[in-house]
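Note that the structure is a prediction, hence the values are computed from the model and not measured.
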Amino acid sequence: MDKMPKWADVVLIPLISLILAAILSALVILGIGEDPIAAVNLMVSGALGSTYGWGYTLYYATNFLFTGLAVSVAFHARLFNIGGEGQAMLGGLGVALVCLYIPWPHWSLALIFASLGAALFGAAWAAIPAYLQAKRGSHIVITTIMFNFIAAAVLNYVLVNLLRPEGSMDPATARFPEAVHLPSLHELLAPIGIEFSKAAPANVSFLVAVAACIAVWLLIWRTKLGYEIRAYGNSEYGALYAGISPVKITMVAMLISGGLAGMMATNNVMGEAERLVLNSTEGAGFIGIAVALMGRSHPFGVFLAAILFGFLYQGGAELALWTSIPRELIVVIQALVILFTGALDNMVRGPLERIFLALRRGKA
């Protein structure tokens with residue numbers, strides 16, 4: 001029998017962790033002489049108080065959705081994919097090649113094939129660490145971390161030496177043709193009478209990310225492959241006894257994980273920058289780890305956690321802009337949220353399990 005109800009694990013533990021992180025963050029803000037209540041109000045109004053703020057919050061959340069789902073799929077197979085950053089970088093290369101060298105008549109066709117290109121490049125980059133783990137016993141954490149740095153070097157070489165337009169000093173590709181520019185949420189919502197900020201970068205990729213959440217839920221909980229992934233993640237020996245191949249699950253889970261991370265490029269490369277530039281991922285691959293942990297590797301939890309971190313990113317930017325709170329302190333607040341929802345999870349879980357166990361005994 002479980003020590004606590006499922007709802008407590010999925011909802012109550014993350015909520016208490018968030019409250020603890022908020023309390024500690026408030027103390028840090030007080031320590032530098034600022035008003036924490038005013039800071040929270042500014043974050044909320046800056047991230048959620050206007051369609052402009054919502055546009056940036058959803059833009060960041062879209063990135064975190066893709067990388068959070070990527071980490072979640074690997075988690076279900078008991079694999080810790082820390083290579084989402086590099087896979088997203090190479091996914092951007094896939095998007096750039098599809099958008100620059102194929103004359104698309106409409107953005108919808110371009111989005112479908114750019115998503116496939118991004119997923120293919122991201123999956124290919126994840127395949128090498130997966131093979132090394134499955135066949136050679138190399139630890140997936142070490143190899144995926146190393147491949148982040150290799151991906152950055154590869155992308156730098158390709159941009160500087162192969163894809164940079166002649167005469168340009170900027171290590172970036174040419175701007176994508178007008179036909180492949182993705183519609184923003186303003187353009188999507190205007191026909192149905194909903195006003196949304198023209199300046200916000202949120203675009204149709206957000207809907208693709210939501211569709212990816214649904215697809216991952218169907219995969220993990222409604223397919224034979226998903227059952228095999230979960231079975232292997234829960235017990236390798238049990239999975240072996242049932243005839244499930246560890247090599248197959250390791251490879252397939254990492255290919256899906258890498259493909260999801262690569263698809264992030266449809267948002268930041270195709271949708272926002274409309275060209276491929278260096279450092280376009282901006283750490284989203286690493287934030288995806290925290291999103292997956294906080295969301296308990298469930299697509300709906302990942303969705304909520306991605307919105308939260310989108311809020312923290314946009315609200316933090318507003319704090320840094322309008323107050324004397326330094327940008328570094330915003331990173332500290334984000335780190336506290338990650339710390340409490342990830343590394344210190346057992347600090348909350350242990351006492352809660354004892355409380356629910358005592359309540360259960362009291363009813364017996």
Side-chain angles (χ1 to χ4, degrees), residues 1-31 36-37 39-40 43-44 47-48 57 60-61 64-65 67-82 84 141 213 216-217 220-221 230 233-235 283-313 315-316 329-364:
M1 182 182 290
D2 291 336
K3 294 182 180 179
M4 70 171 73
K6 185 68 175 176
W7 66 267
D9 183 48
V10 174
V11 177
L12 195 56
I13 291 178
L15 182 61
I16 293 173
S17 298
L18 269 179
I19 292 171
L20 291 174
I23 292 170
L24 195 53
S25 299
L27 293 175
V28 172
I29 293 172
L30 272 174
I37 296 177
V40 170
M43 287 184 73
V44 171
L48 308 176
T57 297
Y60 293 127
F64 303 149
L65 269 172
T67 56
L69 289 172
V71 175
S72 296
V73 171
F75 273 168
H76 280 295
R78 206 174 57 186
L79 297 167
F80 203 170
N81 179 16
I82 307 187
V141 171
C213 281
V216 169
W217 179 80
I220 297 298
W221 280 279
R230 287 184 291 121
N234 285 320
S235 173
F286 298 112
I287 296 297
I289 299 169
V291 168
L293 286 170
M294 189 172 182
R296 296 297 186 269
S297 296
H298 190 286
F300 183 66
V302 167
F303 176 83
L304 295 178
I307 297 293
L308 171 66
F309 276 90
F311 161 77
L312 288 174
Y313 257 59
L329 188 60
I330 310 306
V331 178
V332 170
I333 294 171
Q334 293 164 358
L336 286 172
V337 173
I338 295 171
L339 183 68
F340 276 93
T341 57
L344 298 181
D345 179 82
N346 285 330
M347 186 180 75
V348 176
R349 182 183 300 277
L352 271 182
E353 286 179 346
R354 289 191 289 273
I355 290 170
F356 277 103
L357 193 59
L359 290 173
R360 202 174 281 140
R361 285 172 179 168
K363 290 179 181 178

Give, for atom CG of L20 and atom CG of L15, the distance between the pair rounded to the nearest 0.5 Å. 10.0 Å
Rounded at 0.5 Å granularity, tell me how far CG in L48 sits from CD1 in I307. 9.0 Å
What's the separation between atom CG in L24 and atom CD1 in I19, rounded to the nearest 0.5 Å? 14.0 Å
Roughly how far, to the nearest 0.5 Å, is CG of L352 from CE of M347? 11.0 Å
What is the distance from atom CG of L12 to atom CD1 of I355, rounded to the nearest 0.5 Å? 9.0 Å
Minimum heavy-atom separation for L336 to S25, with atom names? CD1-OG, 3.4 Å
Closest heavy-atom pair, A39 versus I29, reported as atoms and distance to 0.1 Å, is CB-CD1, 4.1 Å
Please indicate whether I37 has more than 12 foreign heavy atoms, meaning atoms of other residues, nucleotides or ligands, lying under 6.0 Å from its CD1. no
Assert yes or no for the condition that the ring centre distance of F311 to Y60 is strictly below 6.0 Å. no
Where L312 and M43 come nearest, the two heavy atoms and their spacing: CD2-CE, 4.0 Å
Got H298 and W221 here, is their nearest side-chain heavy-atom distance under 4.5 Å? yes
Only pairs under 3.5 Å count here: list side-chain donor-acceptor contacts from residues 69-78, not counting sequence neighbours, and write none if there are none.
unit_1: S72; atom_1: OG; unit_2: G68; atom_2: O; d: 2.8
unit_1: H76; atom_1: NE2; unit_2: S297; atom_2: O; d: 2.8
unit_1: R78; atom_1: NH2; unit_2: E236; atom_2: OE1; d: 3.1

Could you tell me whether the side chain of R296 and the main chain of G301 form a donor-acceptor pair under 3.5 Å? no
Would you say that P5 contacts F356 through its side chain, given a criterion of any heavy-atom pair below 4.5 Å between the two side chains? yes
What's the spacing between L65 CG and F303 CZ if we round to 0.5 Å? 6.5 Å
What donor-acceptor contacts under 3.5 angstrom involve side-chain atoms of residues 283-290, with partners at least two apart or in another chain?
none

Can you name the residues that form a ring-ring contact (aromatic ring centres under 6.0 Å, His included) with F309, not counting sequence neighbours? none
Provide the closest heavy-atom pair for S17 versus V348 in the form atom of the first, atom of the second, distance. OG-CG2, 3.7 Å
Closest approach of G315 to A47 (non-hydrogen atoms, all atoms of both residues): N-CB, 3.8 Å
